[in-house]
Amino acid sequence: MAEPLPRHLLIPFAGRGSPACRAALPSLRLPNLESLLSRLSIVQTDTQDESTRSPPHERALAAALGIAAADGCIPWAALEARQLGIAEPGDSEGWGLVSLCNWQVGIDDVVLGDPAAIEIDPAESAALLAAAHPFFEEDGIALHPCATPGRWLARARIFNGLATASIDRAVGHPISQWSPLAEAARPLRRLQNEMQMLLYTQRVNDDRAARGVPPINSFWLSGTGALQGDMLSPATPPSVQPTVSDALRVAALRDDGPGWAQAWQALDAGAIATLLADYTAGADIVLTLCGDRAAQRYAVQQRGLVGWAKSLFDRPRVANVLEAL
């Protein structure tokens with residue numbers, strides 16, 4: 001009989017420091033996670049402050065894929081371009097991910113709405129891409145559609161080494177807090193202003209207003225950088241590359257405490273229960289829990305009899321573990 005393949009589950013927003021999610025922690029009951037944590041050991045912890053452009057779950061995923069990059073320069077767009085066959089393996093040009101979004105204008109600042117919630121369809125995305133293409137082209141930026149509507153891949157030298165903030169850092173916060181301030185980003189800020197004026201005139205937004213959904217009035221740039229040949233480690237086989245669960249993302253970004261707790265309970269009864277069953281069957285599993293500040297990776301480690309006995313009576317409190325993230 002073949003040995004079970006190792007499995008790695010990576011959970012972003014497992015811990016959340018926003019008020020409503022933090023208030024939901026003490027009453028959170030996750031028996032499968034508690035049982036799993038009592039059987040695993042922490043093998044790696046990555047703790048940074050919340051000012052990092054790349055959040056813990058992106059840093060953890062990059063590390064699991066063997067990608068080494070500076071903060072804000074994890075080349076997600078270049079990786080996606082390579083996976084889609086748009087970029088050749090030897091392509092060292094810079095890439096960026098353009099996400100269409102709704103900027104919510106307030107009295108004191110402009111707040112980034114979640115691009116995942118704009119309800120854009122493929123036809124709208126294609127129409128806006130056609131309208132935006134000449135403006136990006138003037139700045140030497142080539143645009144390519146992604147599989148997901150409202151997301152475009154952008155290729156230009158300017159993206160190589162330009163640090164940008166992840167959407168998961170910026171959503172719900174003032175644009176000014178996370179916009180790139182480097183001198184190299186000045187043309188991009190001008191392009192954003194041009195795109196705001198262009199998008200205001202588009203029929204797509206008239207149609208969106210008629211059906212009661214927010215207008216698409218700007219874009220967010222993230223995932224910038226070049227995927228150099230030596231950035232990807234060949235030592236990460238597909239069998240141990242992580243499965244990323246986005247089950248907690250929406251509720252966490254909205255600071256919906258009850259919704260976040262409910263999503264956690266569904267995750268505990270689903271993917272976590274499956275991972276626990278795999279462990280019981282002898283699989284070499286890995287679990288990575290990520291919050292606002294930290295990522296903790298848990299894995300199976302050999303223990304003596306004393307260690308196993310201690311694990312049965314000294315189970316970690318889930319609320320304490322998640323609060324530390």
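Hydrogens, waters and symmetry mates are skipped; everything else that's a heavy atom, side chains included, is used. Numbering starts at 1 and runs along the sequence shown.
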Original post:
What's the spacing between D114 CG and R249 CZ if we round to 0.5 Å?
Top reply: 4.0 Å
In a table with atom names and distances, give each donor-acceptor pair under 3.5 Å that connects a side chain of residues 60-73 to protein atoms at least two apart or in another chain.
unit_1	atom_1	unit_2	atom_2	d
D71	OD1	R53	N	3.1
D71	OD1	S54	N	2.9
D71	OD2	R53	N	3.0

Original post:
Step by step, would you call L267 with L30 a side-chain contact (heavy atoms from CB on, under 4.5 Å)?
Top reply: CA-CA 9 Å; L267 189 59; L30 305 173; over 6 Å; no
**OP:** Name all pairs fulfilling the salt bridge (charged side-chain N to carboxylate O under 4.0 Å, His left out) condition that reach into residues 12-29, sequence neighbours left out, sorted by first residue then second.
**Re:** R16-D292, R22-E323
**OP:** Report the residue from L25, L322, V318 that forms a side-chain contact (heavy atoms from CB on, under 4.5 Å) with W264.
**Re:** L322
Subject >> side-chain hydrogen bond (donor to acceptor under 3.5 Å, both in side chains), paired with T288, selected from Q296, H8, H57 >> reply: H8
Original post:
Which pair of heavy atoms, one from S222 and one from S166, lies closest together, and at what distance?
Top reply: CB-CA, 4.4 Å
**OP:** Calculate, to the nearest 0.5 Å, the distance between atoms CZ and CG belonging to R155 and N160 respectively.
**Re:** 11.0 Å
Original post:
By salt bridge (charged side-chain N to carboxylate O under 4.0 Å, His left out), which residues pair with R169, not counting sequence neighbours?
Top reply: none
Subject >> Residues which pass salt bridge (charged side-chain N to carboxylate O under 4.0 Å, His left out) with D121, listed by chain and number, not counting sequence neighbours >> reply: none
**OP:** Return the set of residues passing side-chain contact (heavy atoms from CB on, under 4.5 Å) with P115 (not counting sequence neighbours), or none when no residue passes.
**Re:** S99, C101, I167, V171
Original post:
Taking atom CZ of R211 as the centre, does the number of heavy atoms from other residues, nucleotides or ligands within less than 6.0 Å exceed 12?
Top reply: yes
**OP:** Could you verify whether a donor N or O on one side chain and an acceptor N or O on the other, from R7 and T274, lie under 3.5 Å apart?
**Re:** no
Subject >> Criterion side-chain contact (heavy atoms from CB on, under 4.5 Å) on E93 and R157, from CA distance to verdict >> reply: CA-CA 6 Å; E93 189 70 275; R157 187 172 301 169; 3.5 Å; yes
Subject >> Where A156 and I141 come nearest, the two heavy atoms and their spacing >> reply: CB-CG1, 3.8 Å
Subject >> Set of side-chain contact (heavy atoms from CB on, under 4.5 Å) partners for V250, sequence neighbours left out >> reply: R254
Original post:
If you count the non-hydrogen atoms of other residues, nucleotides and ligands that lie under 6.0 Å from CD in Q196, is the total more than 12?
Top reply: yes
For residues 214-221, dump all side-chain donor-acceptor pairs below 3.5 Å to protein atoms at least two apart in sequence or in another chain.
unit_1	atom_1	unit_2	atom_2	d
N217	OD1	W103	N	2.6
N217	ND2	W103	O	3.0
W220	NE1	A165	O	3.0

**OP:** Check each of L287, L289, L10, V43 against R297 using the side-chain contact (heavy atoms from CB on, under 4.5 Å) test, and report the only one that passes.
**Re:** V43
Original post:
Looking only at heavy atoms, what is the nearest atom pair of I120 and L100, with distance?
Top reply: CD1-CD1, 3.9 Å
Subject >> salt bridge (charged side-chain N to carboxylate O under 4.0 Å, His left out) against D139, all qualifying residues, sequence neighbours excluded >> reply: R190
**OP:** Using a strict cut-off of less than 4.0 Å between a Lys/Arg side-chain nitrogen and an Asp/Glu carboxylate oxygen, indicate whether R208 and E124 qualify as a salt bridge.
**Re:** yes
**OP:** Could you tell me which residues satisfy side-chain contact (heavy atoms from CB on, under 4.5 Å) with Q104, sequence neighbours excluded, listed by chain and number?
**Re:** N102, V111
Subject >> For D256, all residues meeting salt bridge (charged side-chain N to carboxylate O under 4.0 Å, His left out), sequence neighbours excluded >> reply: none
Subject >> L128 side, atom CG; Q202 side, atom CD - distance, nearest 0.5 Å >> reply: 6.0 Å
Subject >> Set of residues satisfying ring-ring contact (aromatic ring centres under 6.0 Å, His included) with respect to Y298, sequence neighbours excluded >> reply: none
**OP:** Indicate the atoms forming the closest heavy-atom contact of A77 with L97, along with that distance.
**Re:** CB-N, 3.5 Å
Subject >> N205 versus L199, closest heavy-atom pair with distance >> reply: ND2-O, 2.8 Å
Subject >> Over all atoms of both residues, closest heavy-atom pair of N32 and A269 >> reply: ND2-CA, 4.1 Å
Original post:
Can you say whether the rings of W152 and F136 are parallel (under 30°), tilted (30 to 60°) or perpendicular (over 60°)?
Top reply: perpendicular
Original post:
With sequence neighbours left out, what residues match A126 under side-chain contact (heavy atoms from CB on, under 4.5 Å)?
Top reply: none
